[in-house]
Amino acid sequence: MGSPLSLIKGWAGKPSHPPLTDASIGAYTVGVAMLVAGALGLEEEQMAHGALLAIGGGLALALPTALTGLLDWLGMERGTPWRNTATIHLFTMLTATVLFALTFLAHLDGYDEGVIETLPLVLGLGALATLTAGGYIGGTLVFVYGVRVLKREDIPPATALRPGGAEPRQPY
């Protein structure tokens, strides 16, 4: 299974970072969708409450998501195109996280009063746009450079499905 660090980082072909990003992106997206729906007058009080809870959930996932991404980044060879792309991804996602934190703080009064105010709405939309750009860059790491992806047709399914069962032919 590997080192204790592999419990955090994941294994070759089964990294921890992507599923964490899926969960945080989902929470953030739901939060901003609720801000928009509430601003349009759809169940504003409920949307005001739900938006803060969803964005807060995304922020709660930010640390483990960032930690697993950082561990992946640290494992990349310096000066490579994928490390440079990953650095851009890292700073884009940090920016998105800061914008979501500002959205959360700006929306605290709206949560208490059950209303959607303009500042958290604008911050949330900007944060979501930044998150989308960061996700696009992260997708490039996987689908162009194959970071943490194994393409091993020689491994039987039982081995491939087991954590740590498949080892890379070369480091990413």
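Here the structure is a predicted model, which means the values were calculated and not measured.
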Next on the checklist: Taking Ile155's backbone N and O only, do any of them form a donor-acceptor pair with Thr159's side chain (distance below 3.5 Å, no angle check)?
Outcome noted: no
Checklist entry - Quick one: which of Thr68, Asp72, Asp22 gives a side-chain hydrogen bond (donor to acceptor under 3.5 Å, both in side chains) with His17? => result Thr68
Which side-chain N or O atoms in residues 134-147 pair as donor and acceptor under 3.5 Å with protein atoms at least two apart or in another chain?
unit_1 : atom_1 : unit_2 : atom_2 : d
Thr140 : OG1    : Tyr136 : O      : 3.2

Next on the checklist: Within the structure provided, determine whether Leu125 and Val36 are in side-chain contact (heavy-atom separation under 4.5 Å).
Outcome noted: yes
Checklist entry - So, Lys9 side chain and Gly69 main chain: donor-acceptor pair closer than 3.5 Å or not? => result no
Checklist entry - Closest approach of Leu20 and Pro64, non-hydrogen atoms and distance? => result CD1-O, 3.6 Å
Return all side-chain donor-acceptor pairs below 3.5 angstrom for residues 25-35, not counting sequence neighbours, or 'none' if the list is empty.
unit_1 : atom_1 : unit_2 : atom_2 : d
Tyr28  : OH     : Gly58  : O      : 3.2
Thr29  : OG1    : Ile25  : O      : 2.7

Checklist entry - Quick one: does Thr130's side chain have a donor or acceptor within less than 3.5 Å of a partner on Ala96's backbone? => result no
Checklist entry - In Å, rounded to the nearest 0.5 Å, how long is the span from CZ of Phe104 to CG of Leu108? => result 5.5 Å
Checklist entry - Quick one: does His107's side chain get under 4.5 Å of Ile55's, heavy atoms only? => result no
Checklist entry - How far apart are the C-alpha atoms of Leu123 and Phe100, what are their side-chain angles, what is the distance that settles it, and do they pass the side-chain contact (heavy atoms from CB on, under 4.5 Å) test? => result CA-CA 7 Å; Leu123 284 170; Phe100 277 113; over 6 Å; no
Checklist entry - Is Arg83 reaching over with its side chain to a backbone N or O of Met76, donor-acceptor style, under 3.5 angstrom? => result yes
Next on the checklist: Ignoring hydrogens, what is the shortest heavy-atom contact between Pro120 and Thr103? Give both atom names and the distance.
Outcome noted: O-CG2, 3.5 Å
